[in-house]
Amino acid sequence: MQLYSTNNPALRTNLREAIFQGLPVDNGLFMPVEIPVMPAEFSTHLKHLTFQEIALGIAKTFIGEEIPDLELERIITGAITFPAPVIHLDDLTGILELFYGPTLAFKDFGARFMAQVMAYFNMGETQSLTILVATSGDTGGAVAAGFLKTPGIRVVILYPSGQVSPIQEKQLTSLGHNISAIEVHGTFDECQSMVKQAFLDKELRQLFRLSSANSINISRLIPQVMYYWEGYKQVAYNNKPIVFSVPSGNFGNLTAGLIARKMGLPVHHFIAATNANDTVPAYLSSGIFTPRPSIRTISNAMDVGNPSNFARMLHLCGSTWNMMQKHISGFAFDDIQTREAMQYVYSTHNYVFDPHGAVGYLAWKKYQETIRNHDAFGIVLETAHPAKFREEVETILDTEISMPSTLARLQAAEKIDVPMQPLYTCFRNWLLENLQ
Ligand SMILES: *Cc1c(COP(=O)(O)O)cnc(C)c1O
């Protein structure tokens, strides 16, 4: 698979380079030059395939030229280890639950697949690879769990002390093995700048092989394409036009949906569902893209004012506002509406949404009101397990919610981390002493 940069279509690279580099040198985003279409028999046989078989079919079509079939099978068996079921809420609404991974959010799909693919491309290297990640919470946990015990790869995570939730902190600090957590007594921005300085440090880079596990890494999008097919498979029998409602922040998830459609998945329409950070819905109604500082909300994994995948979405939709409007509708909701939706769905359907999924639900309902075609079936992506936001959800619903066993175990786990001042010299010295 050849990839180009969204800033310069002439800048080309292969999958291996795109994955290890993360970002093109011109600061664009990597995009596949060609998106392959799945063979017709794949779609007609879809209902007979397991999730892993679907995943393998897509992986082979997408990257079969760079990774041999047997290796791809190993990668999929290691990465796609939990289901993505569709729960039926009413006659025209399904919920695609993407939270059965180790950190209870859909980011586990991307992180685990990236870890497996990086491990494959890293085979044969004599020197180990070190992944540096600065995190404000969620991404770091998914990356840490994804890379846990991956041979030849070490992960160093920097997080701002006191600024991640207790559960998130445990997810970062209790794994051990090849994962190190550094608790920075500073802000997320300081963590990020320490990581950036390490990448710019020529002397350090001569000593160690460093890479990032950024959320815009192309390898994280590929497994997200797979669960759109898996979701579609479960509702295709009803022969209705399918609409996906995607709770969005950086818009990686929705970008993956657009790729799935290019590969031949018969999606009728997409809905860009956001909280008060409404840069994309505002663009869809006005044609003007105005990035803004992010606003804090209860669906905090979507608090993004300048969505990094927007350039990819434009390229996938044909590069104009009109084309994007044809494929995507955008709706934004505030925290009051989100809380009301959670309460409504709980009291009428006895279903517990987390705040992110609730935004997706609101957007689907809003879309349903606006269309003349009342036959469409909506699949709302539920991006996190409600227990991940337990305090918030329990207060909103005034009830106790059950904890998945993974979280219960995590609460008992021991926290091991390295406290550090927000100074690059401290980080550098630690790396010099600990990366061998
Ligand atoms: C990251 C995240 C999102 C936003 O996904 P994007 O791909 O950045 O749009 C939504 N919900 C949850 C729970 C997340 O962790």
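Start at 1 and go down the list; that is how both ligands and their atoms are numbered.
Tested against Asn275 for a side-chain hydrogen bond (donor to acceptor under 3.5 Å, both in side chains), the candidates Asn300, Asp303, Thr338 yield a single pass: Asp303.
No side-chain N or O of Asn277 forms a donor-acceptor pair with one of Arg292 less than 3.5 Å apart.
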**Request:** Dump the intermediate steps for side-chain contact (heavy atoms from CB on, under 4.5 Å) on Phe310 and Phe251, then the final yes or no.
**Result:** CA-CA 7 Å; Phe310 184 71; Phe251 281 84; over 6 Å; no
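Using a 4.0 Å cut-off between a side-chain N of Lys or Arg and a carboxylate O of Asp or Glu, Lys233 and Glu230 qualify as a salt bridge.
Under a 4.0 Å criterion applied to the non-hydrogen atoms of Ala384, ligand 1 contributes the atoms 13 (C). Residue Ser248 approaches ligand 1 through these ligand atoms, each under 4.0 Å from one of its heavy atoms: 9 (O). Each of the following atoms of ligand 1 lies closer than 4.0 Å to a heavy atom of Met302: 10 (C). Those atoms of ligand 1 with a heavy atom of Asn250 less than 4.0 angstrom away are 6 (P), 8 (O), 9 (O). Interface of Lys107 with ligand 1, defined as ligand atoms under 4.0 Å from a residue heavy atom, comprises 1 (C), 2 (C), 3 (C), 14 (C), 15 (O). Near Asn253, meaning under 4.0 Å from any of its heavy atoms, are these atoms of ligand 1: 7 (O). Within ligand 1, the atoms closer than 4.0 Å to a non-hydrogen atom of Phe106 are 1 (C), 2 (C), 3 (C), 5 (O), 7 (O), 10 (C), 12 (C), 14 (C), numbered from 1 in the order shown. Near Gly252, with a cut-off below 4.0 Å to any heavy atom, the atoms of ligand 1 are 6 (P), 7 (O), 9 (O).
For Tyr228 and Phe244, the ring centers sit closer than 6.0 Å to each other. Under the 6.0 Å cut-off for aromatic ring centres, Tyr4 and Phe30 do not qualify, their centroids lying 6.0 Å or more apart. Here the two rings, on Trp229 and Phe42, have centers that are under 6.0 Å apart.
For a threshold of 3.5 Å applied to N or O pairs, the pair formed by Asp138 and ligand 1 contains at least one separation below that value.
Checking side-chain atoms of Asp108 against main-chain N and O of Thr103 turns up a donor-acceptor pair under 3.5 Å.
Taking atom 4 (C) of ligand 1 as the reference point, the nearest protein heavy-atom neighbour is Gly249 N, 3.6 Å. Of the protein's non-hydrogen atoms, the one nearest atom 11 (N) of ligand 1 is Thr383 OG1, 2.8 Å.
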